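Below is one structure, written out as structure tokens, with a few remarks after it.
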Amino acid sequence: MLDVRFIREHPEVVQEAARKKHLDFDVQQLLEVDARRRQLLARVEQLKALRNKMSKEIPALQGEAREEAIARMRQVAAESKALEESLREVEAQFTELMLHVPNIPDPDVPEGTSDADNVVVRTWGEIPQFDFPLRDHVELGELLDIIDIPRAVKMAGSRTYFLKNAGVLLELAVLQFALHHMVRKGFTPLIVPHLVRDEAMIGTAYFPVGKEQAYRIPEDKLNLIGTSEVPITAYHADEILREDELPKYYVGISSCYRREAGTYGKDTRGLFRIHQFQKVEQVVLCVNDPEVSAREHEHIVRNAEEILQALRLPYRVVLVCGAELGLPQVKKYDIETWMPSRQAYGETHSASKFHDFQARRLKLRYRDKSGALRFVHTLNNTVIASPRILIPLLELNQRPDGSVAIPEVLQPYMGGMQEIVPP
RNA sequence: GGAGAGAUGGCCGAGUGGUCGAAGGCGGUUGAUUCGAAAUCAACUGUGCCCUUGUGGCACCGGGGGUUCGAAUCCCUCUCUCUCCGCCA
């Protein structure tokens, strides 16, 4: 959410943001509704002022004068009730439109219409050459008996999977390694609710745009989270923090649930795009200062790079173009890890900067040194998401016989296991 | 699932129809006192919105609706929290 005063003063900036993000949004429509809303509000408030004034005078009146005043106020009350009715309707329209206003992208966000327009910022690691025919992670998973997709599909439909045997240990190891890394860096670990109310989804801007991506439990009006970003960012909603508490660094772990609506036929093979996965996520709340928040953005990207480097997985960092930015983001870096079976880098991490867009929706504020209330800035990035990360992990560490070497840093989390071999 | 209790400012907590944006306390800020601190004393201390920006107006006591000239206060409804019982990881 943006400050409506900012929108009124800079409508062209907001319209330009919608253009750059290739979102369909009409600022003029919002401004018209806003104008109507304010007009009605002024009239309603005038009548209320009159009512309040008379209410104070009536107790002092007596006899006929009193009866007269009460009769007049009865009329005023009826009139103001009708006006309030119209105001309510306009307010509802206004709120709905406000939830669709896009955040303003940074000037250095590249123009573009697809991920082909993302700009590579840096690349790390050599793409290894293999002198034997490679198996992809699905073949390896089957051969090693660590991934079972057909049986999952039998009971749960497409985009589901079982992990099995060392596959389970490997996933838990990579998650634990990532979590420990972040805790060592001073991040506060959280295990979060996987089911949240609409307010948390709206507050983090996953609703109303994107609602079709979430699984919903209608009986309880709860939603399955698509990322622990939602409960972590909403953790301090409606609170007033002290400036000296900031920045707050959180690392959460959760399963993530995504309907993947509208992706039929896309990435259908293997563990790339699935309905449920596990993710360690980092979230930062910092002061309302674009420079600080830009610094934190680089910080959380570096944190994720450290993980990939420790796992010795080649990757590149890309600056995401306008059309690939969502409604709420100011700027986003994706980290893409090399996946031999795709013969391409595949997205494994996504680092977003929001300024106060989420904080406004969540009423997540702090009192600054001068005593004023300000909205925090929020940021988040993946630390590691599994099983997607198992794709490069398995494919890049395979040997001609189909066995897979386990990266050194993960071995302590797997009881010292050094390789996964076919049964 | 059954029964009951409750929801008031940053926090605790009073308030059962008009003088209540709301007592009191805690916390916070400033000042006095002190070598300094503690303690004590004094003053100040909510948020959001609107406009013709003024010693202006409106709203907010969980959400919504109603009664009334007037509602934190009365009525209806929803949500949430807590306690007990049942079931259960």
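Order of the sequence lines sets the chain letters (A, B, ...), proteins ahead of strands, with each chain counted from 1. Atom set for the values below is all heavy atoms of this structure, side chains included, hydrogens, waters and symmetry mates excluded. Please read these numbers as outputs of a predicted model, since none were measured by experiment.
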Using a 4.0 Å heavy-atom cut-off to protein, can you give one letter per nucleotide of nucleotides 54-67 of chain B, 5' to 3': B if the base is in contact, S if only the sugar-phosphate is, - if neither?
---BBS-----SSS
Provide, to the nearest angstrom, the distance between the [atom1] atom belonging to [X] and the [atom2] atom belonging to [N].
X	N	atom1	atom2	answer
A/L40	B/C51	CG	P	12 Å
A/D34	B/C51	CG	C1'	13 Å
A/L364	B/G10	CG	P	15 Å
A/D238	B/C80	CG	P	16 Å
A/R36	B/C50	CZ	P	17 Å
A/E239	B/G9	CD	C1'	16 Å
A/R8	B/C51	CZ	C1'	11 Å
A/E243	B/U29	CD	C1'	16 Å

Between [N] and [M], how many Å separate the two [atom1] atoms, rounded to a whole number?
N	M	atom1	answer
B/U45	B/A22	C1'	15 Å
B/C35	B/G28	C1'	26 Å
B/U77	B/C20	P	32 Å
B/G10	B/C61	C1'	16 Å
B/C50	B/C76	C1'	32 Å
B/A72	B/U8	P	16 Å
B/G9	B/U67	C1'	28 Å

When you measure from the side chain of A/L373, which nucleotide among B/C69, B/C49, B/U47 comes out closest?
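For the A/L373 side chain, the nearest candidate turns out to be B/U47.
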Classify the nucleic acid contact of A/R43 as base, sugar-phosphate or nothing, counting any heavy atom under 4.0 Å across all strands shown.
nothing
Sugar-phosphate, base or nothing in reach of A/R360, heavy atoms under 4.0 Å:
nothing
Pairs meeting criterion ring-ring contact (aromatic ring centres under 6.0 Å, His included) with involvement of residues 146-175 of chain A, two or more places apart:
none
Qualifying ring-ring contact (aromatic ring centres under 6.0 Å, His included) pairs with a residue from residues 226-254 of chain A, counting only residues at least two apart or across chains:
A/F187-A/Y249, A/Y235-A/Y250, A/H236-A/Y250, A/Y249-A/H299
Between the protein and nucleotides 25-28 of chain B, are there any N/O to N/O pairs under 3.5 Å, and if so, what are the atom names and distances?
none

Closer than 4.0 Å, any side-chain N/O of A/R365 to the OP1 or OP2 of B/G48?
yes
With a cut-off of less than 4.0 Å, is there a side-chain N or O of A/R38 near OP1 or OP2 of B/C51?
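Affirmative; the distance criterion is met.
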Taking the side chain as every heavy atom from C-beta outward, state whether A/D267 and A/R342 have any pair of such atoms under 4.5 Å apart.
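Side-chain contact under 4.5 Å: yes.
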I'd like to know if A/K353 and A/D106 make a salt bridge, using a cut-off of under 4.0 Å between side-chain N and carboxylate O.
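A salt bridge is present here (some side-chain N lies under 4.0 Å from a carboxylate O).
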If you measure from the Lys or Arg side-chain nitrogens to the Asp or Glu carboxylate oxygens, is any gap between A/E111 and A/R19 under 4.0 Å?
yes
On RNA chain B, check which nucleotide each of A/M73 and A/D3 is closest to and give me the residue with the more 5' one.
A/D3
Between A/I240 and A/R197, who's closer to the 5' end of RNA chain B by nearest nucleotide?
A/I240
Validation: residues 412-423 of chain A side-chain donor-acceptor distances under 3.5 Å, sequence neighbours left out:
from   : atom 1 : to     : atom 2 : distance (Å)
A/Y413 : OH     : A/H180 : ND1    : 3.4
A/E419 : OE1    : A/R399 : NH1    : 2.5

What pairs with A/D26 under side chain to side chain contact (heavy atoms under 4.5 Å, CB included), at least two apart in sequence or on another chain?
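With sequence neighbours excluded, A/D26 shows a side chain to side chain contact (heavy atoms under 4.5 Å, CB included) to A/Q15, A/Q28, A/Q29, given in chain and number order.
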With A/Q46, which residues qualify under side chain to side chain contact (heavy atoms under 4.5 Å, CB included), at least two apart?
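Scan of A/Q46 (side chain to side chain contact (heavy atoms under 4.5 Å, CB included), adjacent residues dropped) gives none.
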Show the atom names and distances, to 0.1 Å, of all donor-acceptor pairs under 3.5 Å that link a side chain in residues 141-151 of chain A to residues at least two apart or in another chain.
from   : atom 1 : to     : atom 2 : distance (Å)
A/D145 : OD1    : A/K164 : NZ     : 3.2
A/D145 : OD2    : A/K164 : NZ     : 3.4
A/D145 : OD2    : A/N165 : ND2    : 3.3
A/D148 : OD1    : A/R151 : N      : 3.2
A/D148 : OD2    : A/R151 : NH1    : 2.6

N/O donor to acceptor pairs below 3.5 angstrom from side-chain atoms of residues 280-290 of chain A, sequence neighbours left out:
from   : atom 1 : to     : atom 2 : distance (Å)
A/E281 : OE1    : A/K279 : NZ     : 2.6
A/Q282 : OE1    : A/N303 : ND2    : 3.0
A/Q282 : NE2    : A/I300 : O      : 2.9
A/Q282 : NE2    : A/T382 : O      : 3.4
A/N288 : OD1    : A/H377 : NE2    : 3.1
A/N288 : ND2    : A/F375 : O      : 2.9
A/D289 : OD1    : A/E291 : N      : 2.8

Residues which pass ring-ring contact (aromatic ring centres under 6.0 Å, His included) with A/H10, listed by chain and number, not counting sequence neighbours:
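A/H10 satisfies ring-ring contact (aromatic ring centres under 6.0 Å, His included) with A/F6 only.
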Taking ring-ring contact (aromatic ring centres under 6.0 Å, His included) as the test, write out the residues that go with A/F207, two or more places apart.
none
Please verify the inter-ring angle class for A/H275 with A/Y215; under 30° counts as parallel, over 60° as perpendicular, anything in between as tilted.
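Aromatic pair A/H275/A/Y215 classed perpendicular.
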Mind pulling the stems RNA chain B is in, i.e. runs of at least three Watson-Crick or G-U pairs, everything under 3.5 Å?
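RNA chain B forms these stems: B:1-7 with B:79-85, B:10-12 with B:24-26, B:27-32 with B:40-45, B:46-50 with B:56-60, B:62-66 with B:74-78.
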